[in-house]
Amino acid sequence: MSCFKIPDSLCDEMTSMIQNFWWGRKRDERKMAWLSWEKLCEPKEVGGIGFRELKQFNLALLAKQGWLLQTKRDSLVYRVYKARYFPQTDFVHASVGHNPSYAWRSTMAA
């Protein structure tokens, strides 16, 4: 999740699996959801369980990769990306470019 953007449909499917497991739902059987999913995703300090919204969590981890590219300029990943995707500028002004890797497109999506 921290290097690649997971498709929204897959995030929705994983969220559905978590909900079904948490609420004890089976294929033909529907059970009562005692709390809304939004309430379960609230932090524990506020009274929720602390589940994560997978789409937002994935984007936050990708944004962290972007932050590391801005601050850790001596890392190998920065040097490889710099040589391939933004040799004339810095990461902030970089564009997706022509024929990018999935990892680069994912980082730029955040």
Side-chain angles (χ1 to χ4, degrees):
M1 278 185 90
S2 66
C3 295
F4 302 108
K5 181 164 182 351
I6 298 174
D8 289 344
S9 60
L10 183 58
C11 286
D12 293 338
E13 188 176 335
M14 289 189 301
T15 300
S16 176
M17 286 181 201
I18 294 168
Q19 291 171 344
N20 289 339
F21 176 78
W22 181 253
W23 287 317
R25 202 178 312 164
K26 296 182 181 168
R27 292 183 186 199
D28 298 333
E29 179 183 3
R30 295 190 55 98
K31 295 198 175 179
M32 174 71 70
W34 294 102
L35 288 174
S36 69
W37 183 248
E38 291 77 25
K39 180 70 175 170
L40 292 174
C41 289
E42 288 181 357
K44 292 179 182 179
E45 297 83 26
V46 186
I49 302 235
F51 287 157
R52 307 236 186 231
E53 289 287 344
L54 296 179
K55 292 177 194 176
Q56 288 86 11
F57 188 59
N58 183 225
L59 286 178
L61 291 175
L62 291 172
K64 183 178 179 182
Q65 292 297 323
W67 176 256
L68 291 174
L69 285 173
Q70 290 180 31
T71 57
K72 305 283 186 186
R73 295 184 179 204
D74 57 342
S75 69
L76 179 62
V77 173
Y78 177 82
R79 290 185 286 171
V80 169
Y81 279 169
K82 172 96 173 137
R84 171 76 169 99
Y85 297 111
F86 52 98
Q88 308 298 330
T89 184
D90 57 352
F91 173 75
V92 176
H93 298 99
S95 64
V96 176
H98 177 68
N99 197 18
S101 68
Y102 190 68
W104 178 250
R105 279 185 283 145
S106 297
T107 302
M108 294 303 288

For L59 against A110, the heavy-atom pair lying closest together: O-CB, 3.7 Å

Test side chain to side chain contact (heavy atoms under 4.5 Å, CB included) applied to P87 - qualifying residues, sequence neighbours left out: none

Polar side-chain atom of S106 near backbone of K5 as donor-acceptor pair, under 3.5 Å: yes

Side chain to side chain contact (heavy atoms under 4.5 Å, CB included) partners for T15, two or more places apart: Q19, W37, L54

Same apolar cluster (I L V M F W Y, side chains within < 4.5 Å links), M14/W23: yes

Inter- and intrachain pairs under side-chain hydrogen bond (donor to acceptor under 3.5 Å, both in side chains), touching residues 62-75, at least two apart: none

Backbone of K82 reached by a side-chain donor or acceptor of D90 within 3.5 Å: no

Crowding at CZ, R52 (>12 non-hydrogen neighbours, <6.0 Å): no

Under 4.5 Å side-chain linkage, directly or through intermediates, the cluster mates of L68: none

Nearest atoms (heavy-atom pairs only) where H98 meets R84: O-NH2, 4.1 Å

Counterpart residues, salt bridge (charged side-chain N to carboxylate O under 4.0 Å, His left out), relative to E42 (two or more places apart): K39

Other ILVMFWY residues reachable from L69 by side-chain steps of under 4.5 Å: V77, Y78, Y81, Y85, F86, F91, V96, W104, M108

Nearest heavy-atom neighbours spanning C11 and I6: SG-CG2, 3.7 Å

Flag side-chain contact, heavy atom, 4.5 Å: L76 against R79: yes

Interatomic spacing from CG in N58 to OG in S2 - rounded to 0.5 Å: 9.0 Å

Rounded distance [0.5 Å steps], CZ in F51 versus NZ in K44: 9.5 Å

